[in-house]
**Q** 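Right, I'll just put the structure down here and ask away after.
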2 protein chains.
Amino acid sequence: MDGGVQAVPEQAPLAAQPRVAVDAVLFTIADGELQTLLVKIKNGPFRGQWAFPGGLVKVGETLEEAARRELYEKTGVRDLYLEQLYTFGDAHRDPTAHTISVAYFALVPYFAHALQRGEKYADVGWFPVRSLPPLAYDHNAIAASALQRLQAKLSYTNIVYSLLPPEFTLAELQDIYEVILGRTLDRRNFRRKILALGLLKPLQKTRRGAHRPAMLYSFVRRSPMNIEVL
Amino acid sequence: MDGGVQAVPEQAPLAAQPRVAVDAVLFTIADGELQTLLVKIKNGPFRGQWAFPGGLVKVGETLEEAARRELYEKTGVRDLYLEQLYTFGDAHRDPTAHTISVAYFALVPYFAHALQRGEKYADVGWFPVRSLPPLAYDHNAIAASALQRLQAKLSYTNIVYSLLPPEFTLAELQDIYEVILGRTLDRRNFRRKILALGLLKPLQKTRRGAHRPAMLYSFVRRSPMNIEVL
DNA sequence: GCAAAAGTGTTGAGATTACACCCATGC
DNA sequence: GCATGGGTGTAATCTCAACACTTTTGC
């Protein structure tokens, strides 16, 4: 059951309950690296340290709404892939007060997001996820967990679409896999495999660069589905 | 960040924060079926309905501790497999007050658990998971999610060990897979595959029954690990 | 014409599936 | 001696990994 009604018919003092926050790990690919959005904390014991954006959940608000709200405030982006990651509930993770944190992980294509510091934080920025600074709270653990989830989901879902613009080349797609998984993939095997899945449709266009133009592709569906990709 | 310190320097009234509960879905195999532990609610809007055991999280208590506590009170079992499932945070899932629920899923071997109703609930019992009654809160959704997770984890981890007594036959092991996955498996292929993993050690004993005695096995390690099983 | 990225097939190894008969025991 | 579940091997198919050369463009 829910702890609700019959557990505490007349409630214990509310201060005896932990608080609920959401924190969001937003990933993007930029400069050939997997990067993540961090904010710099203004006050309190973690003042000056970097952390994932987050905040307390309001009554009447869905957890996912809270996470979207936080990310929207920082990035101005509403359309991003968002999924619940894990709930961190260690009693001492926040020295100020017992605060459990429902962590989300999110993906956006990188296109010059106008990051907004807002009033709440001292700074905002993208950081390469393989070399994060020491973060506030247990956020380094959250980062590790998010990266692990991302790697796993890349292999058995189609969520890469949310890291890519509407049109892209197979080389760009492969680069994303390589950057996130941290290993190189055979180009021929990759193309054969990914095309066989029928997730992509070739466009009648090419991307012209310094060399031979590459065929552009788009996703047939831009909605999450489970499918064995690698 | 965590919503904590700088988000709400002087806090909004605490009542403006959702409450935090844990709910635990405990699975076992009994009578050749996958069963789950339910409690009958005594008071409040869901009075008389069945639900998963759970309760509010106390300050200073880990989420996992809270879940273990709830299950221990009902079953008297401390040694069970426990893993966080998902956090359900819909604002209206508990009509009394906004309560987010961190759901856990747990596994025990079935050996005549002396179930304890306790004071908090009107009743406790095992129910076949494929034919649950309508549950309180959003617990039918939690059940579906737990079953899905269990099926997935059975395929890529060794956690079946937590549904089995120390010694068992390969047929008993296979039965568990078949009951949970809901499909039959080829006996020869199953044995070959599972033995090749090296997770089991054959004992120099047999189980005598009505027919040809079966070799008994035990797990080499009874701790969770990721490994492709099926 | 040359540098650079795009595009393309084949082969071998290993894994997965499908399938049928003999064995040991209790009654 | 028969009914019941325990135990075993092989062949066909599929999947996955490894690997090198030709094409098209910009300069």
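Naming convention: chains lettered A, B, ... in sequence-line order (proteins, then strands); numbering from 1 in each chain. Small disclaimer: the values here were computed from a predicted structure and weren't measured.
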**Q** Between atom CG in L230(B) and atom P in dT17(C), what is the gap in whole Å?
**A**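 Going from L230(B) (CG) to dT17(C) (P), I get 9 Å.
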**Q** Near DNA chain D, which residues from residues 164-180 of chain B have a heavy atom under 4.0 Å away?
**A**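 DNA chain D contact set from residues 164-180 of chain B: A171(B).
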**Q** A quick test of your reading: do over 12 heavy atoms of other residues, nucleotides or ligands sit less than 6.0 Å from CD of E228(A)?
**A**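 Count over threshold, so yes.
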**Q** Which label fits Y86(B) and F88(B): parallel for a plane angle under 30°, tilted from 30 to 60°, or perpendicular past 60°?
**A**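 Rings of Y86(B) and F88(B): perpendicular, over 60°.
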**Q** Whole-Å distance between dG9(D) C1' and F190(B) CZ?
**A**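 Value for this atom pair: 19 Å.
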**Q** Just list the side-chain donor-acceptor pairs under 3.5 Å for residues 194-205 of chain A, sequence neighbours left out, or say none.
**A**
{"residue": "K205(A)", "atom": "NZ", "partner": "E167(A)", "partner atom": "OE1", "Å": "3.3"}
{"residue": "K205(A)", "atom": "NZ", "partner": "E167(A)", "partner atom": "OE2", "Å": "2.6"}

**Q** Heavy-atom distance under 4.5 Å between the side chains of Q151(B) and L154(B), does that happen here?
**A**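 Q151(B) vs L154(B): side chains apart.
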**Q** Measure from CG on L185(B) to P on dA18(C) and round the result to the nearest Å.
**A**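 That distance rounds to 11 Å.
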**Q** R191(B) CZ to dG6(D) C1': how many Å, rounded?
**A**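 Rounded to the whole Å, the gap is 6 Å.
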**Q** Measure the distance from CG on L197(B) to C1' on dA15(C) and round it to the nearest whole Å.
**A**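 Roughly 13 Å, once rounded to whole Å.
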**Q** Let me know, please, whether K193(A) or T206(B) comes out on the 5' side of the other along DNA chain D by nearest nucleotide.
**A**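 It is T206(B), whose closest nucleotide lies nearer the 5' terminus.
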**Q** Measuring only between side-chain heavy atoms, which start at C-beta, is D123(B) closer than 4.5 Å to W50(B)?
**A**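 In contact.
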**Q** Take atom CD of Q148(B) as the centre, draw a 6.0 Å sphere, and report whether it contains more than 12 heavy atoms from other residues, nucleotides or ligands.
**A**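 No, CD of Q148(B) has 12 or fewer neighbouring heavy atoms, counting only those of other groups under 6.0 Å.
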**Q** Working to the nearest 0.5 angstrom, can you tell me the gap between D90(A) CG and E65(B) CD?
**A**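 Answer rounded to 0.5 Å: 8.5 Å.
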**Q** CG of L195(B) versus C1' of dG7(D): gap in Å, rounded?
**A**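 Rounding to the nearest Å, CG of L195(B) and C1' of dG7(D) are 11 Å apart.
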**Q** Hey, does I100(A) have a side-chain heavy atom less than 4.5 Å from the side chain of V57(B)?
**A**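 The answer is no; the side chains never approach within 4.5 Å.
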**Q** In degrees rounded to 10°, what angle is found between the helical axes fit to the five outermost pairs at each end of the helix from dA13(C)-dT15(D) to dC27(C)-dG1(D)?
**A**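 Roughly 10°, once rounded to the nearest ten degrees.
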**Q** Hey, are the side chains of V124(A) and T75(A) touching, using non-hydrogen atoms and a 4.5 Å cut-off?
**A**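 No; the side chains remain at least 4.5 Å from each other.
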**Q** Take nucleotides 19-27 of chain C nucleotide by nucleotide from the 5' end and write B, S or -, depending on whether a protein heavy atom sits under 4.0 Å from the base, only from the sugar-phosphate, or from neither.
**A** BB--BBBS-
**Q** side-chain hydrogen bond (donor to acceptor under 3.5 Å, both in side chains) with T87(A): which residues, sequence neighbours excluded?
**A**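 side-chain hydrogen bond (donor to acceptor under 3.5 Å, both in side chains) check on T87(A) returns T87(B).
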**Q** Tell me the ring-ring contact (aromatic ring centres under 6.0 Å, His included) pairs involving residues 172-219 of chain A, sequence neighbours left out?
**A**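 Sorted pair list: F168(A)-F219(A), Y177(A)-F190(A).
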